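Hydrogens, waters and symmetry mates are skipped; everything else that's a heavy atom, side chains included, is used. For this chain, numbers begin at 1 and follow the sequence in order. This is a predicted model, so every value here is computed, not measured.
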Amino acid sequence: IGMLLWLYWAQSLTIGVFTFLKIIYIKNPFIYEGKECKKIIPTNRWGQIAYAFFFALHYGGFHAVYFIFLLFQAQIDIDPYFLLSLAIFIMGSIIEFIRRPKEGLVLNEIMGIPYARIIPMHIAIILGIFLWPSIIGMIFFSSLKTVADVLTHMYVRPTVPRSITKNKFL
């Protein structure tokens with residue numbers, strides 16, 4: 001399970017890097033404003049950069065803590081399969097970054113999607129004391145990871161309809 005946690009951590013970090021880049025490179029970004037998050041308003045370049053760096057610090061902070069935990073609790077054995085898995089994941093992320101639209105996206109939602117991956121890691125760390133060495137722990141963590149991955153890939157809503165992006169008087 002240690003190797004699985006390291007791979008998941010590396011994948012989540014990769015997703016964080018590409019989310020940061022996505023936030024930086026979005027053209028005509030929007031944000032939800034208000035308590036009910038029903039009003040979509042355009043944001044300026046400085047707001048976009050602030051969102052990107054807030055995301056990097058916050059999401060990166062979680063992963064720094066996970067790194068420290070994994071360093072002391074989960075043995076890593078970097079073998080060719082680990083590197084191959086990570087390389088394939090990074091290549092997929094690069095392709096997705098290049099192919100996905102980068103215009104009229106909602107920053108709040110783009111920023112929030114990767115956080116679904118933090119929940120399985122939190123649970124694995126909290127329950128890890130009891131589940132670490134067992135096959136049950138590996139199945140449990142793999143199940144949580146799979147659910148988080150499916151949910152994040154199914155969620156494709158963060159684009160603003162073209163009719164709104166053309167309207168400059170929101």
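Applying the under-4.5 Å side-chain rule to Ile, Leu, Val, Met, Phe, Trp and Tyr, the cluster around Leu84 extends to Ile88.
The list of salt bridge (charged side-chain N to carboxylate O under 4.0 Å, His left out) pairs with a residue in residues 60-75, not counting sequence neighbours, is empty. For residues 87-96, the pairs satisfying salt bridge (charged side-chain N to carboxylate O under 4.0 Å, His left out) are Glu96-Arg100, with sequence neighbours left out.
Every side-chain hydrogen bond (donor to acceptor under 3.5 Å, both in side chains) that Ser12 has, sequence neighbours left out, goes to Arg117. Every residue two or more places apart in sequence or in another chain that forms a side chain to side chain contact (heavy atoms under 4.5 Å, CB included) with Ser93 is listed here: Thr14, Phe18, Phe89. Listed by chain and number, the residues in a salt bridge (Lys or Arg N to Asp or Glu O under 4.0 Å) with Lys22 amount to none (sequence neighbours excluded). By the ring pair (Phe, Tyr, Trp, His ring centres under 6.0 Å) test, Tyr25 is found to be paired with no residue, residues two or more places apart in sequence or in another chain being considered. Listed by chain and residue number, His58 satisfy the side-chain hydrogen bond (donor to acceptor under 3.5 Å, both in side chains) test with Tyr115 (two or more places apart in sequence, or in another chain). In this structure, the ring pair (Phe, Tyr, Trp, His ring centres under 6.0 Å) partners of Tyr8, at least two apart in sequence or on a different chain, are Phe141. For Ile24, the side chain to side chain contact (heavy atoms under 4.5 Å, CB included) partners two or more places apart in sequence, or in a different chain, are Phe20, Arg45, Ile49, Ala52. For Leu7, the side chain to side chain contact (heavy atoms under 4.5 Å, CB included) partners two or more places apart in sequence, or in a different chain, are Gln11, Phe82, Ser85, Leu86.
Both Trp46 and Ile26 belong to a common hydrophobic cluster when Ile, Leu, Val, Met, Phe, Trp and Tyr are linked at side-chain heavy-atom distances under 4.5 angstrom. Under the 4.5 Å side-chain heavy-atom criterion for ILVMFWY residues, no single connected hydrophobic cluster contains both Phe69 and Val65. Note: the hydrophobic cluster containing Ile90 also contains Leu83 (ILVMFWY, side chain heavy atoms under 4.5 Å, direct or indirect links).
Using a 4.5 Å heavy-atom threshold, the side chains of Leu70 and Trp9 count as touching. By the 4.5 Å heavy-atom criterion applied to side chains, Tyr66 and Leu13 are not counted as neighbours.
Listed here is the closest heavy atom pair of Phe55 and Pro114: CZ-CG, 4.0 Å. Considering all non-hydrogen atoms of both residues, Ala148 and Ala116 come closest at CB-O, 3.5 Å.
Here the CG-OH distance, from Leu107 to Tyr51, works out to 6.5 Å after rounding to the nearest 0.5 Å.
The ring of Phe67 has its center closer than 6.0 angstrom to the ring center of Trp6.
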